[in-house]
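Side chains included, hydrogens not; waters and symmetry mates left out as well; all remaining heavy atoms used. For clarity, every value in this text was computed on a predicted model and none was experimentally measured.
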Amino acid sequence: MKKMKIALIGAGSVSFALGALQDIVLSPRLRNEVELEIALIDIIEDNVNRTYRYAKEMFDSFSHPADIWQTTTLEQALQGADFAIVAIEVDRYFYWSQDFHIPRRYGSKQIYGENGGPGSMFHTLRNLGPMLEIARTMEKVCPDAWFINYTNPEAKLVEAVSKLTSIKIVGLCHGLDMGIHQLCEFLERKPEEIGIEGGGLNHFGFFTKIWDKKTGEDLYPLFREKEQKANRLAQFDHIGLSRAMYHIYGYYPYPGTNHSGEYISYAEDFYAGLSLQYRYNPIREQLWKEGSRTPDFVYAASGNSLDKGLFDSVQSQESWVEQAYTFDKEKVSPSNEYAIPIIEAIFFDDEVQINSVNLPNKGAIRGLPDDMVVETQAIVNGQGIVLKPMAVELPTAVIGTIHIQGTIHKLLLEAFVEKSKTKLLQAILLDPSAPTYYQACAMIDEMCELQKDILPALEWV
């Protein structure tokens with residue numbers, strides 16, 4: 001029986017780590033056809049111990065023979081690995097609050113600050129060092145392994161690792177699948193009934209084709225009819241901008257307002273639920289400072305935490321994590337993420353199509369640079385992962401918007417390598433939600449001071 005080793009890096013991650021472990025335990029092939037080793041690693045010992053206890057209980061309950069162990073040493077976890085699944089963040093919501101508030105205080109109109117906008121650039125620079133440390137350790141101890149990334153900002157980080165190291169890396173995100181569910185709501189169809197072609201930039205993609213899998217019928221005419229009839233305010237905070245972008249560009253975007261809106265200048269007009277997680281009372285608190293409350297995570301204004309009465313308690317981050325790590329065999333179910341299907345296809349040389357991956361373009365999306373990381377469908381087999389070329393060309397305005405982000409990717413990489421605030425400034429001034437020149441310079445200085453313990457040391461050069 002062949003051996004397989006999977007290193008789960010950022011094992012303290014609740015959603016991706018537990019989802020990957022559940023997918024592994026439910027896979028017949030990873031149970032019966034390989035001698036499986038799973039190395040769990042996190043820089044926080046309590047977190048990795050917690051995940052290890054959960055994993056052992058789950059795998060024992062399924063009588064799964066995998067060898068599972070935990071560590072806080074990266075090289076030990078990666079030694080001889082075939083695959084590394086990576087989902088890393090440090091104090092995510094605290095630093096994300098700074099990414100959101102500080103640029104807006106200096107005049108940026110960014111609406112989310114995670115993957116696009118000035119905030120995302122600090123997010124990138126914070127995560128790039130650890131990502132390169134992982135990749136360079138892989139070059140030493142498992143140079144043929146696949147780096148399967150869930151860490152954001154997805155496209156920026158995957159592009160950096162692909163350019164600065166020799167490691168095979170792919171970025172995964174379920175944003176396109178969120179868009180499929182939106183299409184199905186309009187079409188009143190089930191996801192398995194429709195086929196799609198879609199792609200672009202991570203969190204800024206468009207469906208260029210929609211069809212009925214059974215009959216081959218083009219479903220865009222029906223979508224146009226249904227969208228015109230739909231309540232114009234339905235789920236407005238989540239898809240109001242998406243519908244406007246469909247009217248502007250002719251193709252429906254994904255994944256939703258908060259993400260797609262990060263890359264354009266007019267998003268704020270449509271985002272009724274403007275970053276509710278970061279609302280605060282300036283008389284009493286400043287969320288970007290040490291000692292303030294950690295912001296609640298609210299993906300959209302329809303989130304359940306907003307449906308509480310005035311004195312009902314909202315579930316805390318701590319209680320949510322505790323609940324997630326309370327094992328219940330009846331609740332073990334597939335995550336619908338792509339890491340384990342990709343691992344199986346590569347290892348067993350099965351050929352499968354994946355709805356969306358992030359890889360260097362290499363001609364898959366016409367009009368975009370070959371070395372820019374883009375997102376679209378892919379074919380996976382024993383030879384690796386190859387993007388499936390899009391048959392329909394994206395609109396000129398969409399290509400132009402993505403081109404700007406591609407240039408920002410390059411400048412951020414130069415800023416990191418050269419330790420240059422000036423290159424970071426160039427990237428920020430290109431962004432559609434950039435502040436003025438003077439505001440941008442002051443913002444960079446303040447953010448570099450606020451995050452000096454976690455950002456690379458940058459200077460004006």
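Judged by the 6.0 Å and 45° rule, Lys213 forms no cation-pi pair with Trp211.
Ion pairing between Lys423 and Glu418 holds under the 4.0 Å rule for side-chain N and carboxylate O. Between Glu414 and Lys419 no salt bridge is recorded (no basic side-chain N to carboxylate O distance below 4.0 Å). Using a 4.0 Å cut-off between charged nitrogen and carboxylate oxygen, Lys452 and Glu449 count as a salt-bridge pair. Of the charged side-chain nitrogens involved, at least one lies within less than 4.0 Å of a carboxylate oxygen, so that Glu114 and Arg92 count as a salt-bridged pair.
Minimum heavy-atom separation, Phe186 to Ile239: CZ-CD1, 3.9 Å.
Under a cut-off of 6.0 angstrom, the local environment of CD in Glu192 is crowded, with over 12 non-hydrogen atoms contributed by other residues, nucleotides or ligands. Sparse packing is recorded around CD of Glu45, with 12 or fewer heavy atoms of other residues, nucleotides or ligands lying under 6.0 Å away. Applying the 6.0 Å contact sphere to OH of Tyr266 captures more than 12 heavy atoms from other residues, nucleotides or ligands.
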- Item | Trace of the side chain to side chain donor-acceptor pair (under 3.5 Å) decision for Asp99 with His123 | CA-CA 7 Å; Asp99 294 342; His123 189 195; 4.9 Å; no
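Using a 30° and 60° split on the angle between ring planes, Phe16 and Tyr150 fall in the parallel class, below 30°. Between Phe207 and Tyr252, the ring-plane angle classifies as parallel under the 30° and 60° cut-offs.
Not less than 6.0 angstrom separates the ring centroid of Tyr246 from the ring centroid of Tyr251. His259 and Phe204 have their aromatic ring centers separated by at least 6.0 angstrom. Outside the 6.0 Å centre-distance limit, the rings of Tyr112 and Phe100 are not counted as a close aromatic pair.
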